[in-house]
Amino acid sequence: MRSRSTEKKVSPKWILILCISSFFLGMLFTNRIWAPSESNHQIISRQRHEQELQVVSEDCTTKRKLGQAKDIMGEVYKTHEAIQSLDKTISTLQMELAATRSVQEMSGLDTSPHLQQVSSQTKKKAFVVIGINTAFSSRKRRDSVRETWMPQGEKLQQLEKEKGIVIRFMIGHSATSNSILDRAIDSEEAQHNDFLRLEHVEGYHELSAKTKTFFSTAVATWDAEFYVKVDDDVHVNLGMLAASLARHRSKPRVYMGCMKSGPVLAQKNVKYHEPEYWKFGEEGNKYFRHATGQIYAISKDLATYISINQPILHKYANEDVSLGSWFIGLEAEHIDERNMCCGTPPDCEWKAQAGNVCIASFDWTCSGVCKSVERIKDVHARCGEGDGAVWSALF
């Protein structure tokens with residue numbers, strides 16, 4: 001009976017109110033539990049998005065900086081090349097100016113017709129200027145050279161115009177003005193027109209001074225890529241010489257020949273005695289590397305260097321040693337070309353038959369072709385490249 005009365009007291013209205021209250025309490029509880037979870041997820045997503053944006057931004061900044069760095073390095077490299085090119089141009093102009101000034105000073109000190117003529121002439125372009133060292137007493141040697149490897153007359157002029165190869169016998173003058181020796185050279189020059197007269201007093205012990213004067217005079221007269229000195233008792237194949245030089249024409253300072261470093265001879269009264277042997281250290285020492293004196297070639301920059309500095313370049317007893325000493329402290333490339341010192345037949349003949357034609361041939365025992373007047377024709381016949389080789393050579 002009591003239970004029934006109790007059940008009757010709970011009305012449907014209260015049940016509805018209770019249900020609605022429970023619903024709102026459930027909603028409130030659900031929001032409190034799940035809302036933070038969604039918020040954390042959004043925060044994490046937002047943080048990840050921000051990090052990705054930051055990484056992308058940093059990557060773009062890095063690439064932009066790298067691109068800028070590459071552009072800057074490229075500009076620096078271009079600027080460096082431009083400076084190097086400008087330095088080389090300035091150096092060349094300075095050397096040419098100094099060489100011109102040197103010639104003018106020489107002309108001012110000496111009023112000889114030759115120097116006045118040289119200073120007034122415009123320099124001629126050439127590929128190579130070959131100076132054949134000769135003496136007053138060597139007329140027969142000169143004739144033997146003219147009859148073999150050195151063209152004559154119109155062919156000599158044609159070789160100069162078409163190939164840029166200038167060949168001259170270089171000789172100074174005697175100690176006595178207008179002597180019979182000088183007049184003999186004047187007569188020979190009128191006949192062959194193949195001399196380069198130097199302001200130099202001839203003498204065996206003055207070869208170093210003559211070498212300086214030759215290069216200075218040649219530089220003042222011709223604007224050549226190379227300058228060659230050769231003795232008048234050496235056989236030369238002009239085509240091979242020109243082709244060999246052409247392989248090095250892109251290099252600024254070339255010193256080419258048969259390189260050696262012989263002993264410094266301190267004993268007096270012996271051939272090639274060096275009075276200044278003490279400069280090379282203890283007795284028994286060797287010279288620095290230098291080209292043998294029979295034939296060698298130097299590029300324009302080195303010849304100009306000699307022309308500019310000739311008053312202060314030291315002269316040793318031996319001409320080839322002197323030349324080597326002038327370059328020992330420079331950025332010069334020493335090229336050891338063994339084809340410039342072949343022996344006479346059968347050596348050069350065997351090499352020619354094998355297709356390796358020599359540039360120059362001579363006998364070491366004689367510092368030239370032994371008995372060259374009698375033998376150079378035979379050397380030319382057996383070891384020569386052929387008279388047409390120089391005309392067909394590409395350089």
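Predicted model only: the values in this text are computed from it and were never measured. Keep in mind that the numbers below use all heavy atoms, side chains included, and drop hydrogens, waters and symmetry copies.
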Next item on the list: In plain terms, say whether D186 and R197 are close enough for a salt bridge, that is, a side-chain N and a carboxylate O under 4.0 Å apart.
Entry: yes
Next item on the list: Classify the ring geometry between Y316 and F280 as parallel (under 30°), tilted (30 to 60°) or perpendicular (over 60°).
Entry: tilted
Item checked: Trace of the side-chain contact (heavy atoms from CB on, under 4.5 Å) decision for S361 with D347 -> CA-CA 9 Å; S361 301; D347 178 39; over 6 Å; no
Next item on the list: Find out whether M170 and K229 are in side-chain contact, i.e. whether some heavy atom of one side chain is under 4.5 Å from a heavy atom of the other.
Entry: yes
Checklist line | Parallel, tilted or perpendicular, as decided by the 30° and 60° cut-offs, for the rings of Y277 and H273 | finding: tilted
Notebook entry, point to check: Between K140 and D143, is a side-chain contact (heavy atoms from CB on, under 4.5 Å) present by the stated rule, with each step listed?
Noted result: CA-CA 5 Å; K140 291 183 178 180; D143 286 340; 5.7 Å; no
Margin query: I'd like to know if R253 and E331 make a salt bridge, using a cut-off of under 4.0 Å between side-chain N and carboxylate O.
Written below: no
Margin query: Assess whether a salt bridge exists between K260 and D320, defined as any Lys/Arg side-chain N lying under 4.0 Å from an Asp/Glu carboxylate O.
Written below: yes
Checklist line | Salt bridge present between K279 and E276 (N-O < 4.0 angstrom) | finding: yes
Notebook entry, point to check: Aromatic rings F226 and F127: how do their planes relate, parallel, tilted or perpendicular, breaks at 30° and 60°?
Noted result: perpendicular
Margin query: Strictly under 2.5 Å separating the two SG atoms? Check that for C358 and C342, please.
Written below: yes
Check: Do the ring planes of Y255 and F327 sit parallel (below 30°), tilted (30 to 60°) or perpendicular (above 60°)?
Finding: perpendicular
Next item on the list: Taking the side chain as every heavy atom from C-beta outward, state whether I295 and V228 have any atom pair closer than 4.5 Å.
Entry: yes
Next item on the list: Flag the pair K155 and D387 as a salt bridge only when some basic side-chain nitrogen lies within less than 4.0 angstrom of an acidic carboxylate oxygen.
Entry: no
